[in-house]
Structures are given as C-alpha cells and as structure tokens.
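What follows is a short report on a single structure.
Only a predicted model underlies this, so the values are computations on that prediction, with no experimental measurement involved.
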2 protein chains.
Amino acid sequence: MPEINIRALAKELNLSIGTVSKALKDSYEISAETKRRVLEVAKKLHYAPNPYASSLRRKKSNTIAVVVPEVADSYFSQAIKGIEEIAQLKGYHVLVYLTYESYAREKQILDEFTNGRVDGLLISVSSETCSTGHIEALNSNKVPVVFFDRAIDETDAAKITTNDYDSGYEATRHLIERGCRKIAYLSISNLLVINTKRMMGFRNAMTDSKLHVDDNNIVNCSNDDNENNRILTEVLKQKNRADGIISSVEKLITPVYTICKQLKLQIPADLKVLCFSNLSTAHILNPSLTTITQPAFDMGKMAATVLFKAVEKRNYNWQDENLVIPSKLYIRDSTGG
Amino acid sequence: MPEINIRALAKELNLSIGTVSKALKDSYEISAETKRRVLEVAKKLHYAPNPYASSLRRKKSNTIAVVVPEVADSYFSQAIKGIEEIAQLKGYHVLVYLTYESYAREKQILDEFTNGRVDGLLISVSSETCSTGHIEALNSNKVPVVFFDRAIDETDAAKITTNDYDSGYEATRHLIERGCRKIAYLSISNLLVINTKRMMGFRNAMTDSKLHVDDNNIVNCSNDDNENNRILTEVLKQKNRADGIISSVEKLITPVYTICKQLKLQIPADLKVLCFSNLSTAHILNPSLTTITQPAFDMGKMAATVLFKAVEKRNYNWQDENLVIPSKLYIRDSTGG
DNA sequence: TAAATTCACGAAACCGTTTTCGCTGAAAAT
DNA sequence: ATTTTCAGCGAAAACGGTTTCGTGAATTTA
C-alpha cells in the first residue's frame with residue numbers, strides 16, 4: 001500500500017534504483033555524500049521498504065514462528081514473552097500459532113512452513129504428537145527447529161527443556177517427606193514426553209521409598225473441564241483415597257482446589273497438593289500452593305537465542321544443542337509449608 | 001528454500017506457469033481434468049507456494065499484527081487466544097509484538113507497518129500513548145486499525161472495549177454496599193483511558209453516596225515491583241487507612257495480598273479487596289477474590305472479526321464500529337462473599 | 001456454411017527489492 | 001605518456017508467484 005517505493009525514491013533523487021538500494025544498505029560501493037542524500041530523502045518521504053519484495057529476493061523472511069498448544073496457560077505466556085524480547089532485539093518478527101493440543105492442526109501449520117514463510121521455528125508439541133515427519137520435513141528443508149519445553153527425544157533438533165524427571169522425583173520426595181504415603185499423580189496426556197518423564201520420576205521416587213503406586217492414583221485427565229471435574233471428584237471420593245496429589249498440569253489445580261472445598265477436604269491436613277505451575281498467584285492461593293516452577297521466561301529466551309544462532313550462522317550444528325534449565329521447587333502451605 | 005516452485009510444477013505437468021497458477025486457484029478458465037492433474041502432482045511433489053511472491057504481487061499479506069503492552073497478564077493471553085482462533089479460521093497469520101508499555105516501541109513497531117507487511121492491526125495501546133499520529137498514519141495508508149480494550153477515543157478507528165466507567169461505578173457501589181467508607185483506588189498510569197474511565201466511575205459512585213475521596217487513596221503505582229511494594233505498604237500503613245481497595249490492575253493484586261498478610265490485615269474483615277482481573281485462580285485465592293472480569297476472549301474474537309471485515313470488504317466503514325462488551329462482577333470472599 | 005461465441009490454455013508484464021556485472025572517468029602506477 | 005586500478009554508479013536479471021491479454025480450436029448460432 002505504500003505509494004512510495006524505491007523507484008519513486010530513485011526518481012526523486014535522480015539516481016538509479018540499484019544505487020538507492022545499495023545506499024540504504026550502506027554498501028561500500030556508494031559515496032558518503034550519496035548515502036547522506038538518500039537517507040535524507042528517504043526519511044522525508046517516509047520511505048519504508050516492502051518486506052515481501054525483499055524476502056522474495058533474499059530468500060529470507062526475518063520472521064520466526066512460535067507454535068504452542070495454547071496460550072491461556074501461564075507457562076506459554078511467559079515463554080512467548082522471552083521469545084519476543086529476543087526477536088525484537090534481533091529485528092525479527094514473530095508469528096504465533098496455537099494448536100489446541102491437536103496433532104492435525106500442528107501438522108497443518110507446519111506444512112505451511114516449507115515455503116520460506118519463516119526462517120525458523122520454535123515449537124512445543126501438542127499432547128497428541130508422536131510422529132514427527134512434519135518436523136523433520138522442516139529440518140531437511142533447512143528451516144531450523146528448536147523445541148522448547150515439550151520436545152521429542154528422537155527427533156534431531158535443538159531442545160530447550162527443563163529437568164522433568166528430576167522435578168517429578170523431587171516433588172514426590174517432598175510429599176513423602178511431608179508424610180504422604182498414597183500419592184496420586186495427575187496428567188493430561190501420557191503421550192507427552194514431559195509428562196512421562198515427570199511420572200517416571202514420580203514412580204521411581206515412590207519405589208525408592210518402598211511405596212506402592214496404586215493404578216487408581218495415576219489419573220489421566222482430558223481437555224474437557226466437566227470431564228475432569230467428574231474424574232477428579234471420583235478420585236478424591238474413593239475410600240482409601242490418596243493423601244497427596246501431584247498435578248503435572250497447571251490447569252488442573254483449580255478443579256482440585258474447588259473439589260476439595262466441596263468435599264470438605266482440608267489442604268494440607270487431609271491432602272497435600274503440589275503442582276507443576278508458573279502461576280504468579282501460587283503464593284496467595286487458599287492455601288498457598290507448593291509448585292514446581294519452570295523457568296518459562298528463560299527457556300523462551302534461550303530457545304530464541306539458539307534459533308537465531310542457527311538461522312544466522314551456517315554450519316552451526318544447532319541440532320546438537322540440548323539445554324536443560326532446571327525447574328525449582330517452591331514449598332508453600334499446600335504441602336504443609 | 002523449497003526446491004520445488006511453480007515453475008518446476010509446470011514443467012513436470014507440461015503446462016505453462018500461468019495455467020498451473022490458475023488451476024491451483026480453481027479458476028474457471030481451467031478444465032476440471034487439468035485441475036485434477038495439477039492438484040495431484042502438486043500434492044505428490046509437496047508443492048507449497050511462496051507466500052512472499054504471492055503477497056508481493058497481490059499486495060496482500062494475509063497477515064495481521066497484534067500489538068499489546070505485555071502478555072504475562074492474563075487478559076492479553078486470553079484476548080490473543082480469541083484473535084488467533086478467528087485468524088486461523090480465516091486463513092490469516094498473526095504477528096505478535098509487545099510494547100512493554102513504551103510509546104517509543106509502539107511507534108517504532110507501527111511505523112514498520114506502512115509497507116504492506118500486515119493487512120490490518122489490532123492494538124491495545126501502551127500506557128504512555130497519548131499522541132496517535134503513528135496510528136492514523138496506518139489508517140490513512142489503508143491498513144485498518146482496530147483498538148481493543150485500550151482504545152483512544154479521539155482516534156477514528158474501530159474500538160472493541162468494555163464498559164470501564166460502569167464497571168468502576170459498579171465496583172465502587174459494591175464496596176460501599178458492603179460497608180466500605182474509605183476506598184482506595186489503585187492504578188498504574190493515569191494516561192490510560194480505561195483507567196481514567198474506571199476512576200471516573202469510582203469517583204462518581206463515591207460522590208453519589210456522599211463519600212469523600214481522599215487524595216492519598218488515589219494511588220499511582222509504577223511498573224516496578226519493588227516500588228509498588230513500597231507505595232502499597234505506605235498506603236496500607238497510614239492511620240485512617242482505607243477499608244476498601246479497588247485495584248484497576250491485575251498485577252497489583254499479589255502485592256496487596258502479600259502486604260496484607262505482612263501487616264496482619266484481615267481480608268475482608270479489615271479491608272475489602274476488589275480487582276479488575278481475568279485471573280482464572282481468583283476463586284481459589286486466599287481469600288477468594290472479588291473481580292470485575294473483562295470478556296477477554298470474546299473481545300479478542302470480536303476485534304479480529306471486525307478487522308477481517310474491514311480488510312476484506314472495501315467501502316465498509318469499520319471506523320464507526322464501536323462495540324462495548326460488558327465486564328462482569330464476580331462477588332467472592334475478599335469483599336465479604 | 002460462415003460467423004460468432006466459448007473454452008482452455010500460453011506468453012508476458014508485473015509486484016518491489018537485491019545483486020551481479022559492466023561501464024566511465026579519474027587517480028595511481030608504471 | 002600509457003596502462004592499471006578503483007571509486008561510484010547504472011542496467012538488467014533475478015526472486016516466484018498473479019493477472020491480463022491474446023490465440024487457436026471447438027462449439028454454437030445465424
């Protein structure tokens with residue numbers, strides 16, 4: 001839509017298009033005086049180069065894509081903030097896509113990226129994603145992919161993750177130390193690697209303490225809130241109910257608290273609760289919530305940093321980059337302070 | 001980066017480039033049989049058209065920009081979710097930019113949009129923004145602008161907002177009904193229109209109830225957390241302290257709760273608290289928080305819907321669109337249930 | 001049967017940049 | 001004085017689509 005393009009600029013300056021282009025890019029071929037004139041007139045006419053013409057010619061879009069399952073979750077909000085900060089610093093643009101935990105959407109979105117729209121991709125896979133052809137297709141198309149948070153181990157790409165196994169173990173140890181013997185573990189998808197790792201940490205911590213894991217206490221929730229309420233109510237109502245809960249998913253904490261109130265279960269007296277979460281309000285909840293908190297902002301920043309290095313430096317093996325930024329346990333009242 | 005472009009496709013099919021292009025767009029000029037062949041081979045070769053070549057020629061990017069002050073806030077996360085949903089439905093791409101409440105950044109970002117990068121803009125202005133030349137420049141450049149949440153009244157653009165004045169009034173009425181007589185009002189920037197409107201509602205509600213507004217109880221906070229802690233501590237420590245607080249900003253609720261705990265102020269007994277907020281955890285806080293909640297998701301969806309209408313239909317006066325979607329008061333324990 | 005119309009496709013201009021290559025005149029080297 | 005170098009710039013070919021316009025054959029109409 002800009003009525004003034006480089007041609008108009010050139011005409012105004014009595015210069016050729018090529019010269020103007022080079023002047024704007026501060027090319028050594030152009031004299032200082034000419035550059036000065038060009039910049040001056042460009043500013044006067046509010047010249048703004050067409051990014052798509054430039055992208056077409058250079059085969060470079062200065063744009064990256066961020067694909068995440070959702071954004072209501074506070075983890076992804078913070079991660080995106082980290083990503084955007086670095087991108088703005090580097091002069092890149094950020095396209096955001098939500099998959100709503102659907103593999104089909106994820107694939108559909110990624111398939112669109114084989115055409116040069118983006119120079120790189122940051123992705124946290126959907127909970128349904130197990131095959132990775134759509135991701136490898138990008139890698140082989142020379143668009144670097146960096147996983148953050150939810151990675152796929154087998155795929156040859158950079159990964160910025162957190163120590164999910166250790167966190168699961170640590171969370172469980174914490175509950176055990178606080179006297180829990182029957183601990184329930186809540187998850188959403190057991191396809192999700194971060195979940196299986198956390199769960200593995202949970203199981204091993206239990207076993208190491210000679211505690212039994214009841215199958216009823218491995219609880220698979222869904223994406224449907226009503227369904228989850230039903231499931232969780234059932235879990236918390238069963239005789240011989242758990243005395244501790246680890247939620248591997250932030251959004252399950254609301255139903256857990258709500259149902260406990262309904263069932264008149266006291267936290268932490270009757271039930272100790274711990275949640276993997278980035279909620280800024282964790283310590284003003286009722287009771288304040290013990291969390292394993294992921295370094296969302298830093299993970300976003302690191303993921304973006306690695307991606308830009310991959311985009312800008314050729315022959316840099318970004319695929320080998322495998323950063324693990326540890327999560328942190330914040331002990332609060334829901335597990336007895 | 002895609003080794004296969006429309007030329008390669010055409011060669012494979014023994015057709016001209018133009019014909020292939022038209023076949024892919026389902027043009028009436030092309031026979032059914034040819035279209036079938038083209039689609040078939042295109043799929044076989046994983047042909048993906050270069051979006052920038054297309055954008056360049058059509059002068060249309062199928063991309064919109066969303067410019068918001070931040071994203072850690074739950075309002076904007078939800079709004080973005082609504083926007084992205086509509087965009088995906090319409091086949092548009094969404095660029096996200098954060099201004100960090102800085103006018104300079106906002107201007108810098110918007111100035112980049114006069115060149116066709118985006119077909120439209122959704123913006124919630126920074127708290128520093130009062131002049132609007134950068135926005136009008138876009139409007140006059142034929143890129144439609146839709147404000148959401150934080151609009152600027154004087155600017156001729158579509159606005160999707162909520163009833164800030166009424167909400168401020170209603171919030172105040174609620175506190176008064178619950179027995180408050182000295183109410184403090186917390187804000188961040190008094191340049192922000194939504195804030196001045198809420199505050200006006202607050203003031204009028206007070207006056208209408210013959211209550212005095214103490215200047216000390218109009219509290220301007222900053223973007224610095226430590227600073228805010230200092231300010232709020234001071235406010236809550238003063239003799240003749242307020243018996244009610246209205247926070248017009250979500251992020252101030254954490255310091256308020258924290259400081260109350262430190263000062264051993266009981267909510268709601270000593271102090272009733274109400275917050276403009278979209279926190280999903282409001283009702284499991286300690287105590288559960290009375291909120292004025294904005295319809296973030298719906299506002300995002302509406303804003304996007306209006307924008308796409310503006311983008312797609314010419315001679316549609318989107319500037320006149322002025323939707324007000326009401327916020328809702330959720331009464332919880334922090335104001336006495 | 002001749003003329004008009006329709007159908008299906010190809011040729012080529014075009015979108016706005018970037019970049020290569022070539023040209024010119026002046027300075028430097030021989 | 002002649003050749004070489006070089007600074008500074010212009011011409012033109014890309015980049016990969018879209019779109020206008022033209023064309024020949026097939027079909028319809030007069």
Just to be sure I understand the rule, does A:Lys25 reach a base, reach only the sugar-phosphate, or reach nothing, if contact means heavy atoms closer than 4.0 Å? sugar-phosphate

Rounding to an integer number of Å, can you tell me how far A:Arg7 CZ sits from D:dG10 C1'? 15 Å

Taking atom types as modelled, find out whether A:Thr129 and A:Glu106 have a side-chain donor-acceptor pair closer than 3.5 angstrom. yes

Approximate separation, where rounding is to 0.5 Å, of B:Arg150 CZ and B:Ser126 OG: 7.5 Å

Would you mind classifying the nucleic acid contact of B:Ser31 as base, sugar-phosphate or nothing, using non-hydrogen atoms under 4.0 angstrom? sugar-phosphate

From CD1 of B:Ile4 across to C1' of D:dG17 the rounded distance in Å is 13 Å

Nearest-0.5 Å distance that lies between atom NZ in A:Lys44 and atom CG in A:Leu9: 9.5 Å

So what does B:Ile17 hit on the nucleic acid, given a heavy-atom distance under 4.0 Å: a base, only sugar-phosphate, or nothing? base

Between B:Tyr75 and B:Phe148, what is the ring plane arrangement, given parallel below 30°, perpendicular above 60°, and tilted in between? parallel

Determine whether a donor-acceptor pair (one donor, one acceptor, N or O, separation below 3.5 Å) exists between the side chain of A:Lys22 and the base of D:dG10. yes

note: B:Leu24, atom CG; D:dT19, atom C1'; distance rounded to Å ~ 14 Å

Select one nucleotide: of D:dC15, C:dC21, D:dG17, the one nearest the side-chain heavy atoms of A:Glu29. C:dC21

A:Lys60 NZ to D:dG16 P, in whole Å, measures 17 Å

Nearest-Å distance, CG (A:Asn50) to P (D:dG17)? 17 Å

Check the distance between D:dG8's P and A:Arg36's CZ and give it to me in whole angstrom. 15 Å

Contact class for A:Thr34 vs. all strands (heavy atom < 4.0 Å): base, sugar-phosphate, or nothing? sugar-phosphate

Starting at the 5' end of DNA chain D and moving along, which residue's nearest nucleotide shows up first, B:Tyr52 or B:Thr19? B:Tyr52

Touch class at under 4.0 angstrom, heavy-atom based, for B:Ser21 against every strand present: base

Looking at D:dG16, does its base get a donor-acceptor pair with the side chain of A:Lys59 below 3.5 Å? no

Please determine which of B:Val125, B:Ile160, B:Leu121 meets the side-chain contact (heavy atoms from CB on, under 4.5 Å) test together with B:Phe147. B:Val125

Regarding B:Ser54, tell me which of base, sugar-phosphate or nothing describes its non-hydrogen contacts under 4.0 Å with the strands shown. sugar-phosphate

Separation of C:dC9 P from B:Asp26 CG (nearest whole Å): 13 Å

Rounded to the nearest angstrom, tell me the gap between atom CZ in A:Arg57 and atom C1' in D:dA14. 5 Å

For B:Ser16 and A:Arg58, take the nucleotide of DNA chain C holding the closest heavy atom to each; which residue's nucleotide lies nearer the 5' end? B:Ser16

